[in-house]
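Chain A is the first sequence line, chain B the second, and so forth, proteins listed ahead of strands; every chain is numbered from 1. As the structure is a prediction and not an experimental result, all values here were calculated from the model.
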Number of protein chains: 2
Amino acid sequence: MARKSKVTSLDIAERAGVSQATVSRVLCGSPLVNVETRKRVEEAVRELNYKVDRHASSLRTQRSGTLALLLFEDPTPDDSHINPFFLSMLGSITRACARHGHDLLVSFQQLSDDWHADYEDSMKADGLILLGYGDYLAYRGKLDSLVEQGTHFVRWGAVLPGQPGISIGCDNHHGGRLVGEHLAGLGRRRIAFLGDASSHYPEFFDRYRGCDAALQAQGLRMEPALQVDAVSSEEAGYEAARSLMARQEPFDAVFAASDLIAIGAMRALTEAGHRVPEDIAVAGFDDIPMARFAQPALTTVYQDTSRAGALLVESLLAQIGNRPVQSTTLPASLVVRRSSGAG
Amino acid sequence: MARKSKVTSLDIAERAGVSQATVSRVLCGSPLVNVETRKRVEEAVRELNYKVDRHASSLRTQRSGTLALLLFEDPTPDDSHINPFFLSMLGSITRACARHGHDLLVSFQQLSDDWHADYEDSMKADGLILLGYGDYLAYRGKLDSLVEQGTHFVRWGAVLPGQPGISIGCDNHHGGRLVGEHLAGLGRRRIAFLGDASSHYPEFFDRYRGCDAALQAQGLRMEPALQVDAVSSEEAGYEAARSLMARQEPFDAVFAASDLIAIGAMRALTEAGHRVPEDIAVAGFDDIPMARFAQPALTTVYQDTSRAGALLVESLLAQIGNRPVQSTTLPASLVVRRSSGAG
DNA sequence: CTGAAAGCGCTTACAG
DNA sequence: CTGAAAGCGCTTACAG
């Protein structure tokens, strides 16, 4: 069952009665080829089921036709619990790559890893897409060195002034504001926030501040006593909600920085005898598929992963092609379900 | 911000005062290098931040050090709704690749696409991992041609006698049996099955037969009148459950061929006024993360995706290295939650 | 243990 | 429009 010996462009050239260079021209879609010649070559290609060797081609052109997706979550011991939100992004990024004729290399990284240069230096990929939550301050230095090395990359995340490289992100502040207005509009007054609210996690921080802005418009505010740190996982949400309850500070709503946190929080609240949404209204962020099936179904903020993925790929490709690119903020929209107690 | 001109092994050779061939030997870990020489080279590599050019290396060795994961689901118009079960597999496959020093190319495919040869012929990947449900009979022909071309591949799916290529799968029959024993043990007598139960979908069919075997041990059986076709999606599960109810055949349990189907079915049942599990017990298959959060939490069959991913990668690598490989069936285990009405 | 040299399979100026 | 030739950056027999 040995593979047939490899078909090269020379075999095609011979069969079509042309030079190898002409075969290459046909396959690159060069316009400098006679129509008849082209046809003969294409036929030979089909007959011998020839495929251009990507390595030879890339070695010559110094372009790999491949993008690398680096997915990182800091404390992820377990394979299978990657944040579903990023998985959705992965799906749309893969498709966007395919649409643009590029391949996608996928890799999971620890934030602590030394991932920042490998892919482009070894020519494995023409550029990097960075995805994942993590301590922004801890990896800002890595972004700086990527920029310094001239590596092409785009990042999903908060769009910050003076930030290294380019980012595509959702309007976290507006998303937070929508949640704040919604909960306050339903009469909630003491809204707890589960998730980091500091410049270490700019996305979460923006969501927090957006919510706070909405409250302030009504003469209310987010209480620091009602904020509990949490990374984006169900377990962290559960623990954060328990810490919150242990503080004995009254609250009538929870805004979780992500859906995973919200789902964990609802579990803790319910276990402790609180009714959601009657006693405590809950809202999340991301609109992961699970949100619809949570009990009660989770009110959350939708981010258009399909568009985000396409934009990430297109921006990266533009950057690689030396076309102008800029960071972009995508809209966020509120999805009202039962957990917030509306209707 | 132009990239520094590329560092090659010649630059390293010059700096270390050796030939380029020696540099290459050091980087390939060849034992035929003097310790002192090796040190000098390694230092130069570090100083210039040199990385071996993968294309040049692959062109020379005819090995790419890359595996391709082809994920297909037949009717998947929407990016973001890839079956979570496969996403878990993706996670563990990615990690297994990394452990073995290989890169992973990911691609979503329609079953109808002409994917079967591209990756290996163009040298993009040394082998293929095929993942996805779909009409087995429709793509068995493609497996045959992969074998014929000598392409290296492994497939996640049912392990069937006389099957082309090698497969890693879970013990679907045993999983189905566990569900059948569980439901019958709880006094359920008329168990509906949602999902294809034919050789077009061998995994589903095995689950069906396993359940039937358990019932027969108790003098019961699966009724053809209670079987409804469904692909693995929430929507399909919802529709299938509605068709089932429209038949007006009595049933007291539903065994869904996948968790997604089960979740859709529970929605349809609840909407129609049935209580789960009091009126109708429900069980699924896969144990996707969502299963825990369904309402009620879903009884299901767990498959070890972590081990499955590792085994897929290792089998493929063994095959590429001409080491002996064989198809393997992994164990399945029952996870009892509220939806089946136990306890 | 080390070096000189061939060659992997392409793409792309350069001539014509 | 087409061909002959150089060269991308490695790895690996072949000599020594």
Inset, instruction - Compare side-chain N and O positions of Ser57(A) against OP1 and OP2 of dC10(C) and report whether any pair is under 4.0 Å apart. - result: no
Legend entry - Along DNA chain C (nearest heavy atom to each residue), the more 5'-positioned of Arg38(B) and Cys28(A): Arg38(B)
Legend entry - Spacing of His55(A) atom NE2 relative to dG9(D) atom P, expressed in whole Å: 16 Å
N/O contacts under 3.5 Å, protein versus nucleotides 13-16 of chain D?
residue: dA13(D); atom: N6; partner: Arg25(B); partner atom: NH2; Å: 3.1

Legend entry - Range-with-range stems of DNA chain D (Watson-Crick or G-U pairs under 3.5 Å, three or more in a row): C:1-3 with D:14-16, C:5-12 with D:5-12, C:14-16 with D:1-3
Inset, instruction - Check whether any side-chain N or O of Thr22(B) sits under 4.0 Å from OP1 or OP2 of dT2(C), and answer yes or no. - result: no
Inset, instruction - State whether Lys6(B) and Asp53(B) are salt-bridged, where the test is any N-O pair (Lys NZ or Arg NE/NH1/NH2 against Asp/Glu carboxylate O) under 4.0 Å. - result: yes
Legend entry - Contact under 4.0 Å: Ser9(A) side-chain N or O vs dC10(C) OP1/OP2: yes
Legend entry - Polar side-chain atom of Ser30(A) near backbone of Val26(A) as donor-acceptor pair, under 3.5 Å: no
Legend entry - Rounded distance in Å - CZ (Arg40(B)) to P (dC1(C)): 14 Å
Legend entry - Nearest-nucleotide 5' precedence on DNA chain D, Val33(A) against Leu27(B): Val33(A)
Inset, instruction - Go through dA5(D), dC1(D), dG3(C) for me and flag the one nearest to the Val18(B) side chain. - result: dG3(C)
Legend entry - Position toward the 5' end of DNA chain C (nearest nucleotide), Ala56(A) or Gly17(B): Gly17(B)
Inset, instruction - Taking only the side-chain heavy atoms of Thr61(B) (C-beta and beyond), determine which of dT11(D), dT12(C), dC1(D) contains the nearest atom. - result: dT11(D)
Legend entry - Electrostatic pair Asp103(A)-Arg54(A), nearest N-O below 4.0 angstrom: yes
Legend entry - Any Gln62(A) side-chain N or O less than 4.0 Å from OP1/OP2 of dG9(D): yes
Inset, instruction - Could you state the atom-to-atom distance from CZ of Arg63(B) to C1' of dG9(D) in whole Å? - result: 20 Å
Legend entry - Options dC10(C), dC10(D), dT2(D), nucleotide nearest the side-chain atoms of Asp53(A): dC10(C)
Legend entry - Tyr50(B) vs dG9(D): side-chain N/O to OP1/OP2 distance below 4.0 Å: no
Inset, instruction - Kindly say if Ser58(B) contacts the phosphate of dC8(C), meaning a side-chain N or O under 4.0 Å from OP1 or OP2. - result: no
Legend entry - Backbone N/O of Ser57(A) and side chain of Thr61(A): donor-acceptor pair under 3.5 Å: yes
Inset, instruction - List the atom of Gly309(B), the atom of Ile93(B), and the distance in Å for their closest heavy-atom pair. - result: CA-CG1, 3.8 Å
Legend entry - Candidate nucleotides dC8(C), dC10(D), dC1(D), ranked by approach to the side chain of Leu59(B) - the nearest: dC8(C)
Legend entry - Minimum-distance nucleotide (side-chain atoms of Thr37(A) versus dC10(C), dT11(D), dT2(D)): dT2(D)
Inset, instruction - Determine the Euclidean distance between corresponding C1' atoms of dT12(D) and dG16(D); express it in Å to zero decimal places. - result: 16 Å
Legend entry - d(CE, Met123(B); P, dG9(C)) in whole Å: 8 Å
Legend entry - Test item: Gln319(A) side-chain N/O and Val154(A) main-chain N/O as donor-acceptor pair under 3.5 Å: no
Legend entry - Donor-acceptor pair between Gln163(B) and Ser167(B) side chains, under 3.5 angstrom: yes
Inset, instruction - Check whether the side chains of Thr151(A) and Tyr119(A) place a donor and an acceptor atom closer than 3.5 Å, and report yes or no. - result: no
